[in-house]
Novice: 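Please read through the structure below; I'll follow up with questions.
One-based numbering, in listed order, for ligands and for the atoms of each.
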Amino acid sequence: MPTVEAQPSAFTFAPDSAALLVIDMQRDFLEPGGFGESLGNDVTQLRRTIAPLAAFMTRWRAAGLPVIHTREGHLPDLSDCPPAKLARGAPSKRIGDPGAFGRILIRGEHGHDIIDELRPAPGEAVVDKPGKGAFYATGLQQLLDELGIRSLLVAGVTTEVCVHTTVREANDRGYECLVLADCVGSYFPEFQRVGLDMIAAQGGIFGWVADSTSVHL
Ligand code: C5J
């Protein structure tokens, strides 16, 4: 069983019950000119995760292990978007409004899809989620049960929002989560640092943290 040197302690997982969970690597969040950048965010802070994650995905797939992707977004009629979420954000740059890559965070739009560099391989699961967490109103729990998954290696964006929410939800459901520090990103460097510290604090209050290069398969 691989053992990873991680914070706050070694993380051991059984490959036959582990999955790589890639959170929301979508054009709307990562592409220059897209929704994330239009809100004033520095997308380079997220884009630095692409190369290490692509390299790790290649190794993970070569070992025959499952990758599960998620996308945050909503139905075109917005019926799955709570009014409180819809009302958030700058007027004219809200969910469902026209953006550079189609309607912002709407399923089926160009911007909602995963960036070309990390396109899901044929047969890999893509979980569409209306919330920040990947368990709320999705089939993720059932999918993990069917695959017999107990450990999750977690990558994606953003560290303090959808990655945190999902890892906290997974931890409460009994999964052991290793967050790959070089493969998760925040628009805000201080949130990245503190977000990772929070996971591993207090003896690993809801997970473990290590760089992807520390995972030897
Ligand atoms: C946000 C996400 N930040 N994927 N979504 O709204 O973290």
Novice: Using salt bridge (Lys or Arg N to Asp or Glu O under 4.0 Å) as the criterion, point out the one residue from Asp128, Asp28, Asp24 that pairs with Arg71.
Specialist: Asp128
Novice: Show the atoms of ligand 1 that are less than 4.0 angstrom away from any heavy atom in Val161.
Specialist: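 Contacts of ligand 1 toward Val161, numbered from 1: 1 (C), 3 (N), 7 (O).
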Novice: Does the plane of the ring in Phe29 sit parallel, tilted or perpendicular to the ring in Phe35? Use 30° and 60° as the thresholds.
Specialist: tilted
Novice: Regarding Arg119 and Asp116, does a basic nitrogen lie under 4.0 Å from an acidic carboxylate oxygen?
Specialist: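 A salt bridge links Arg119 with Asp116.
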Novice: Should you measure from each heavy atom of Thr158, which atoms of ligand 1 turn up under 4.0 Å away?
Specialist: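 By the 4.0 Å cutoff, the relevant atoms are 2 (C), 3 (N), 4 (N), 7 (O).
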Novice: Starting from atom 6 (O) of ligand 1, locate the nearest protein heavy atom and write down its residue, its atom name and how far away it is, to 0.1 Å.
Specialist: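 Atom 6 (O) of ligand 1 sits closest to the protein heavy atom Lys132 NZ, 2.8 Å.
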Novice: When only distance counts, is Lys129 in polar contact with ligand 1, meaning an N/O pair under 3.5 Å?
Specialist: no
Novice: Judging by distance only, is a nitrogen or oxygen of Val157 under 3.5 angstrom from one on ligand 1?
Specialist: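 Indeed, backbone or side chain, Val157 has an N or O that close.
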Novice: Assess Gln26 for proximity to ligand 1: is some non-hydrogen atom of it under 4.0 Å away?
Specialist: no
Novice: Out of all atoms in ligand 1, which are within 4.0 Å of some heavy atom of Asp24? Include the element for each.
Specialist: 2 (C), 4 (N)
Novice: Please state which protein non-hydrogen atom is closest to atom 5 (N) of ligand 1 and give its distance, to 0.1 Å?
Specialist: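 The protein heavy atom lying closest is Glu72 OE1, 2.9 Å.
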Novice: Within the supplied structure, the quantity of interest is the number of heavy atoms (other residues, nucleotides, ligands) at a distance under 6.0 Å from Gln141 CD; does it exceed 12?
Specialist: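 Counting neighbours around CD of Gln141, more than 12 heavy atoms of other residues, nucleotides or ligands fall under 6.0 Å, so yes.
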Novice: Does Arg48 pair with Asp42 as a salt bridge, N-O distance under 4.0 Å?
Specialist: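 Salt bridge flag = no for Asp42 with Arg48.
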Novice: Salt-bridged, Glu117 to Arg47, with N to O below 4.0 Å?
Specialist: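 So Glu117 pairs with Arg47 through a salt bridge.
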Novice: Could you name the option among Cys162, Gly185, Gly156 that has the heavy atom nearest to atom 2 (C) of ligand 1?
Specialist: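 Among Cys162, Gly185, Gly156, the closest heavy atom to atom 2 (C) of ligand 1 belongs to Cys162.
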Novice: Salt bridge check, Glu72 against Lys85: does any charged N sit closer than 4.0 Å to a carboxylate O?
Specialist: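 Salt bridge between Lys85 and Glu72, a charged N being under 4.0 Å from a carboxylate O: yes.
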